[in-house]
Trainee: 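One structure is given below, represented as structure tokens, and several questions about it will come after.
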Number of protein chains: 2
Amino acid sequence: MTETRAEQKERTRRAILDAALDLTEETGLAGLSLRGVAKRVGIVPTAFYRHFDSIDALGLALVEESLVSLRAMLRAVRQPDGAHSPIGIADTSVRVLVEHVHAQRAHFGFLARERAAGPATVRDAIRREIELCELDLATDLARLTDARTWSALDLRAASGLIVTLMVTAAEELVTARPDQEETIAQTARTRLRMVLIGALNWRSGPPVG
Amino acid sequence: MTETRAEQKERTRRAILDAALDLTEETGLAGLSLRGVAKRVGIVPTAFYRHFDSIDALGLALVEESLVSLRAMLRAVRQPDGAHSPIGIADTSVRVLVEHVHAQRAHFGFLARERAAGPATVRDAIRREIELCELDLATDLARLTDARTWSALDLRAASGLIVTLMVTAAEELVTARPDQEETIAQTARTRLRMVLIGALNWRSGPPVG
DNA sequence: AGTTTCGGTGTACGCATGTTCACCGAATGA
DNA sequence: TCATTCGGTGAACATGCGTACACCGAAACT
């Protein structure tokens, strides 16, 4: 015997999750059908219940493992690694983003779709996670800026701007063909640099009005 | 008689479209059900066919009238009106955006959701419209910038950044409670100013590395 | 006044959905 | 070797779906 029963079971469970992620791409989480994933996996519909209690439980599992991928990326982005100039941090952040989205494309695609159009509870869970990221970034920025020219609202505006930029880059990456990845990364780097230049000159550069 | 038959018919048609926009908020366009719409409107399911050929025709109508609202807003944003400084243009652009999203909240909510998670054809139609907007903005920017320091890719990066910022503001507006509108508008203005400052100092300001 | 138009009704059909139940057969443990 | 566990099977259910059809009654037209 080359495969124990537990391994086989785990393989089927994984196949169900992958099939569901795949199908969700076209129908959304709400339109996911038990019979559809069963057919795709190659099992009879009822066999599904050997792995999940219900269709909702499947959805919950998808949300959870996608959020795990998201958190893993955020952790990696915040990992300091040598270069410490703003531009250096920006470039490595974009690189880490691209790598993670590439490696877990299905998860990030799922998050992008359900963030905007998923069931209310899912939508809120994803948005909460991203908002936490904005808050973290705002506190990071607070340490790097002058409190006399940076109000709390300014900090929130800047961190939200950067996070939005990153989320957009991720959405573009999951939508695009592989050969467009480099262009998207390049564009994201340029955007991030523009925003950083704007932030560094915030109320300290020449008048712009 | 206080209401002609044609008026009554138009009223029912409008009620169907409004009910559909409402229901779509929770289920997405793909999850829209004829019977659900009929129940909400207060007619029997089959009466629906006096107004639309099929459920798909309803979806098409929703997409079309939402895109009309989007184009109306874009036209209004590009309407020159007095103040011509970058900051002035930015502020009035945000104001126009807020007004239009407020007046057609259902349409912009629909566009935000279906852009990310709708059927492929709908998704593509909405994205094409937004990309056209980016291209227009890029040509506008081209006239305002120095070709020696601004490459074509830089122009695309900047216009995409601004459009993303506006789309995000619109998404926040349709999600938020009415009393949060002013805060969101304020934040959007700040973000737009930051980006403009970044753009104005692009490769002409002090070194930032 | 008589006829036509037409928005709304009620019934019916075929199909897909989530979930349940009793059952089978092979891997597992004693 | 025998008993048990358990992933997968097939039939059945109630429900919801989109759509077609014949029909009704009042507004609209002649």
Side-chain angles (χ1 to χ4, degrees), chain A residues 1-63 114 117-122, chain B residues 1-63 114 117-122:
Chain A
M1 138 202 13
T2 69
E3 196 179 29
T4 172
R5 189 139 80 170
E7 287 170 347
Q8 166 64 29
K9 175 163 189 178
E10 179 53 31
R11 220 165 53 99
T12 304
R13 187 190 144 90
R14 192 62 253 161
I16 291 176
L17 287 166
D18 289 341
L21 281 171
D22 237 50
L23 293 172
T24 298
E25 204 155 326
E26 284 160 16
T27 65
L29 175 58
L32 198 59
S33 108
L34 184 158
R35 286 175 147 89
V37 312
K39 181 171 292 184
R40 176 86 128 215
V41 172
I43 58 176
V44 90
T46 51
F48 170 86
Y49 289 95
R50 300 293 175 199
H51 304 274
F52 297 93
D53 285 346
S54 67
I55 259 287
D56 286 339
L58 209 209
L60 192 61
L62 290 180
V63 173
E114 303 307 323
T121 61
V122 173
Chain B
M1 128 203 22
T2 68
E3 197 177 30
T4 172
R5 188 138 82 170
E7 287 170 349
Q8 167 63 29
K9 175 162 187 179
E10 179 54 29
R11 221 166 52 99
T12 304
R13 187 190 145 91
R14 191 64 254 160
I16 291 176
L17 287 166
D18 289 341
L21 281 171
D22 236 50
L23 293 172
T24 298
E25 204 156 325
E26 283 160 17
T27 65
L29 176 59
L32 197 59
S33 109
L34 184 158
R35 286 176 146 88
V37 173
K39 182 172 290 183
R40 167 87 65 136
V41 172
I43 57 177
V44 89
T46 51
F48 170 86
Y49 289 95
R50 300 294 175 200
H51 304 274
F52 296 94
D53 284 346
S54 69
I55 217 28
D56 286 338
L58 209 209
L60 193 60
L62 290 180
V63 173
E114 302 307 323
T121 62
V122 174

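We name chains A, B, ... by the order of the sequence lines, and we start the count at 1 in each one.
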Trainee: Which parts of residues 34-41 of chain A get close to DNA chain C, meaning a heavy atom less than 4.0 angstrom away?
Mentor: A:L34, A:R35
Trainee: To the nearest Å, how far apart are B:F48 CZ and D:dC17 C1'?
Mentor: 13 Å
Trainee: When you compare the side chain of B:L17 with that of B:R13, does any pair of heavy atoms fall below 4.5 Å?
Mentor: yes
Trainee: A:F52 has an atom CZ; how far is it from atom P of C:dT19, in whole Å?
Mentor: 13 Å
Trainee: It should be established whether A:T4 places a side-chain nitrogen or oxygen under 4.0 Å from OP1 or OP2 of nucleotide C:dT28.
Mentor: yes
Trainee: Phosphate oxygens OP1/OP2 of C:dA16: is one of them under 4.0 Å from a side-chain N or O of A:S33?
Mentor: no
Trainee: Taking C-beta and beyond as the side chain, do A:F48 and A:R35 meet within less than 4.5 Å on heavy atoms?
Mentor: no
Trainee: Looking for any heavy atom pair under 4.0 Å, which part of the strands does A:L32 touch: base, sugar-phosphate only, or nothing?
Mentor: sugar-phosphate
Trainee: Could you check which of C:dC21, D:dC21, C:dA26 has an atom nearest any side-chain atom of A:R5?
Mentor: C:dA26
Trainee: Between C1' on D:dG7 and CD on A:E7, what's the gap in Å once rounded to a whole number?
Mentor: 15 Å
Trainee: For residues A:Q8 and A:R5, is any side-chain donor paired with an opposing acceptor at under 3.5 Å?
Mentor: no
Trainee: Mind calculating the distance between CD1 (A:I43) and P (D:dG10) to the nearest angstrom?
Mentor: 12 Å
Trainee: Just the rounded figure in Å: distance from C1' of D:dC6 to NE2 of A:H51.
Mentor: 10 Å
Trainee: Take the protein atom CZ of A:R50 and the nucleotide atom P of C:dA26, then report the distance between them rounded to whole Å.
Mentor: 17 Å
Trainee: For A:I55 and C:dT20, give me the distance from atom CD1 to atom P, rounded to whole Å.
Mentor: 13 Å
Trainee: B:Y49 side chain N/O closer than 4.0 Å to the phosphate oxygens (OP1, OP2) of D:dA20?
Mentor: no
Trainee: From the list D:dG8, D:dT19, D:dA11, which nucleotide is the closest neighbour of the side chain of B:T46?
Mentor: D:dT19
Trainee: Within the side chain of A:E114, is there an N or O that forms a donor-acceptor pair under 3.5 Å with the backbone of A:L29?
Mentor: yes
Trainee: A side-chain contact here means heavy atoms from C-beta on lying under 4.5 Å apart; do A:T24 and A:L21 qualify?
Mentor: no
Trainee: Below 4.5 Å, heavy atoms only, C-beta onward: do A:D18 and A:D22 meet side chain to side chain?
Mentor: no
Trainee: A:E3 CD to D:dG7 P: how many Å, rounded?
Mentor: 13 Å
Trainee: Which of residues 10-30 of chain B sit near DNA chain D, with a heavy atom under 4.0 Å from it?
Mentor: none
Trainee: Got A:T121 and A:V63 here, is their nearest side-chain heavy-atom distance under 4.5 Å?
Mentor: no
Trainee: I want to check something: taking the side chain as every heavy atom from C-beta on, are B:F52 and B:L34 in contact at a cut-off of under 4.5 Å?
Mentor: no
Trainee: What is the distance from atom CD of B:E7 to atom CZ of B:R11, rounded to the nearest 0.5 Å?
Mentor: 9.5 Å
